[in-house]
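Along the sequence shown, residues carry numbers from 1.
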Amino acid sequence: MAAVLLLCTAISEAACAGMEDVQKELEIRKRITGIYNKIRSEFESKEDYDNYLETTEDIIYKLTYNVDVAEAEQQVQDYIRQEAAAAGARTVANAAYAPAMTSMPAQPAPVGPVKEDKDGRLLPLNRLTGFSREQWMLLCQTSGWRQDMAMQRMLQEAFSTIFV
């Protein structure tokens, strides 16, 4: 009976040690894949992408099994610096294509708080603000509303019930 108990204890210790290794690898994998997060479309060829994935897996292996940890960490830090520099260069290169802020149309003034009458009903906004029809249309169009939206919604709801 004691031998069986010792065997079960040895097996559970080995299983626990294995679980700690798996947990360590998962934590390292999550950290490294958060840094090395490029996708296939960012590479010119499949071979370049495969080499990138292989480099990522090599780093994960080295950090998980304590093989050349300092070298792997240095490689990760170099990659982070390289990507930050490339992102800065892309930002500077794309600045010429950014639209000038002065070319954007002016936004309409906010409507303000909604007022209620003595019974708690909302008052129509035209009594409150005095906007002209053109100002209301500009306000509505700026928020994304179009005149044909009500008709489209009505037709969609009408025809969606036909084929039930």
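The distance from the CG atom of L63 to the CG atom of D68 is 10.0 Å, given to the nearest 0.5 Å. Summarising the geometry, atom NZ belonging to K30 is positioned 13.5 Å from atom CD1 belonging to I60; distances are rounded to the nearest 0.5 Å. Taken to the nearest 0.5 Å, the CD atom of E54 stands 13.5 Å off from the OH atom of Y61. To the nearest 0.5 Å, atom CD1 of residue I28 and atom CD of residue Q23 are 10.5 Å apart.
Y52 places a side-chain N or O within 3.5 Å of a backbone atom of K38 that can act as its donor or acceptor partner. Checking side-chain atoms of N37 against main-chain N and O of T33 turns up no donor-acceptor pair under 3.5 Å. At distances below 3.5 Å, at least one donor-acceptor pair connects side-chain atoms of D117 with backbone N or O atoms of D119.
Around CZ of R153, the count of heavy atoms belonging to other residues, nucleotides or ligands within 6.0 Å does not exceed 12. The number of heavy atoms from other shown groups lying within 6.0 Å of CD (E44) does not exceed 12.
Nearest heavy-atom pair across Y36 and I59 is OH-CD1, 3.2 Å. Counting all heavy atoms, side chain and backbone alike, K46 lies closest to R40 at N-NH2, 3.2 Å. Of all non-hydrogen atoms in I35 and Y79, the two that sit nearest each other are O-CE2, 3.6 Å. T64 and K24 make their closest contact through O-NZ, 3.1 Å (heavy atoms, listed as atom of the first residue, atom of the second, distance). Heavy-atom minimum distance, E25 versus Y65: OE1-OH, 4.2 Å.
Using cut-offs of 30° and 60° on the angle between ring planes, the pair Y49 and F43 is tilted.
With no hydrogens or angles considered, a side-chain donor-acceptor pair links D78 and Q74 at under 3.5 Å. Between D58 and T55, the side chains place no donor N or O within less than 3.5 Å of an acceptor N or O (distance only, hydrogens not considered).
I80 has its side chain within reach of Q77: a pair of non-hydrogen atoms, C-beta onward, lies under 4.5 Å apart. Between M151 and L155, the closest side-chain pair of non-hydrogen atoms falls below 4.5 Å.
Salt bridge annotation for K62-E73: absent, with no cationic side-chain nitrogen under 4.0 angstrom from a carboxylate oxygen.
Both V76 and L53 belong to a single network of hydrophobic side chains, linked directly or stepwise wherever heavy atoms of I, L, V, M, F, W or Y lie under 4.5 Å apart.
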